[in-house]
Amino acid sequence: MKYYVLFGPPGAGKGTHAVAIADKYHLKHISTGELLRAEIAAGTQLGKQAKALIDAGSLVPDSVVEGMIASAFDTIKGYDGFLLDGFPRTIAQAQALDRILQERGETLEAVISIMIPDEVIYERIARRAQQEGRADDTSKEVIAHRIETYHTQTEPLIGFYRNAGKYHEVAGHPGTIEENRNRVLAMLEAL
Ligand code: ADP
């Protein structure tokens with residue numbers, strides 16, 4: 001099995017490009033954000049706890065998303081691997097991912113990082129707010145907090161994965177969605 005991480009700030013286009021990558025390489029796309037939103041929609045206990053944190057632009061506890069990932073690896077069959085989107089988001093989650101993979105006798109193939117500047121994050125999220133109506137996309141303060149959370153908690157993963165020799169970065173801006181997608185796919189082909 002091949003395990004890939006799709007990395008980048010909110011609005012970088014991870015979800016948008018994940019579908020094409022997963023299709024091409026026959027990977028199961030797992031977005032922790034989508035899994036959490038499904039829990040909220042289903043009104044589960046976990047969803048209720050996660051909602052306040054997500055709406056405020058904060059991260060949910062590491063243990064919650066780590067459990068989701070481990071259970072996805074255990075239960076989802078019939079693919080050549082997994083494409084993780086939005087996980088890991090903290091160093092602790094990255095270490096947990098290493099442990100989870102090690103227990104399965106697997107290793108992480110590569111981290112594909114899609115990079116955009118902060119001002120583009122605002123533009124993209126504002127546009128998405130109109131299309132998808134996500135509560136955490138509508139307030140400027142919440143978006144600012146997510147960007148800050150990205151810089152303080154998630155960005156340190158760049159060094160973590162660089163040291164591991166697994167970090168590959170591609171520009172997620174400028175260009176059309178298709179141009180950006182082709183850049184990401186070309187980079188994966190070259191690995
Ligand atoms: P975006 O990439 O636009 O921020 P996501 O759908 O990936 O959107 O995530 C939405 C929210 O879900 C995050 O702001 C956070 O609250 C929560 N979340 C998603 N993935 C994780 C994670 N790995 N760890 C903690 N919280 C997460």
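When reading the values below, keep in mind they use all heavy atoms of this one structure, side chains included, and skip hydrogens, waters and symmetry mates. Each ligand, and each atom within it, is numbered from 1 in the order the structure gives.
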- [ ] Would you please name every residue forming a side-chain contact (heavy atoms from CB on, under 4.5 Å) with Thr149, sequence neighbours left out?
- [x] Leu59, His145, Gln153
TODO: Just jot down the ligand 1 atoms closer than 4.0 angstrom to any heavy atom of Gln93, in number order.
DONE: 22 (C), 23 (N), 24 (N), 25 (C)
Open item on the list: Tell me whether Glu178 at atom CD has more than 12 heavy atoms from other residues, nucleotides or ligands lying less than 6.0 Å away.
Closed with: no
Task: Minimum-distance protein heavy atom relative to atom 11 (C) of ligand 1 - done: Ile54 CG2, 4.0 Å
Open item on the list: I need the atoms of ligand 1 closer than 4.0 Å to a non-hydrogen atom of Arg37, numbered in the order shown.
Closed with: 6 (O), 10 (C)
Open item on the list: Please determine whether any non-hydrogen atom of Ser58 lies less than 4.0 Å from an atom of ligand 1.
Closed with: yes
TODO: Measure the spacing between CD of Glu39 and CD1 of Ile54 and express it to the nearest 0.5 Å.
DONE: 10.0 Å
Task: Residue Ile76 excluded, over 12 heavy atoms near CD1 under 6.0 Å - done: yes
Task: Closest to atom 19 (C) of ligand 1 (judged by heavy-atom distance), picking from Gln153, Lys14, Glu66, Arg89 - done: Arg89
TODO: Give the atoms of ligand 1, by number and element, whose distance to some non-hydrogen atom of Thr32 is under 4.0 Å.
DONE: 19 (C), 20 (N), 21 (C), 23 (N)
Task: Nearest option to atom 10 (C) of ligand 1, as decided by whichever heavy atom of Arg128, Arg146, Arg134 sits closest - done: Arg134
TODO: Establish, yes or no, whether the cationic atom of Lys140 lies under 6.0 Å from the six-membered ring centre of Tyr122 and within 45° of the ring axis.
DONE: yes
Task: Between OH on residue Tyr4 and CD1 on residue Ile21, distance to nearest 0.5 Å - done: 10.0 Å
Open item on the list: Using a plain distance cutoff, I'd like to know if Pro10 has any nitrogen or oxygen under 3.5 Å from a nitrogen or oxygen of ligand 1.
Closed with: no
- [ ] May I ask you to list the atoms of ligand 1 that are less than 4.0 angstrom from any heavy atom of Val60?
- [x] 25 (C), 26 (N)
Open item on the list: Out of the candidates Arg128, Gln131, Arg127, only one should pair with Asp137 under the side chain to side chain donor-acceptor pair (under 3.5 Å) rule; please name it.
Closed with: Arg128
TODO: Identify the protein heavy atom lying closest to atom 18 (N) of ligand 1, giving its residue, its atom name and the separation to 0.1 Å.
DONE: Leu36 CD1, 3.6 Å
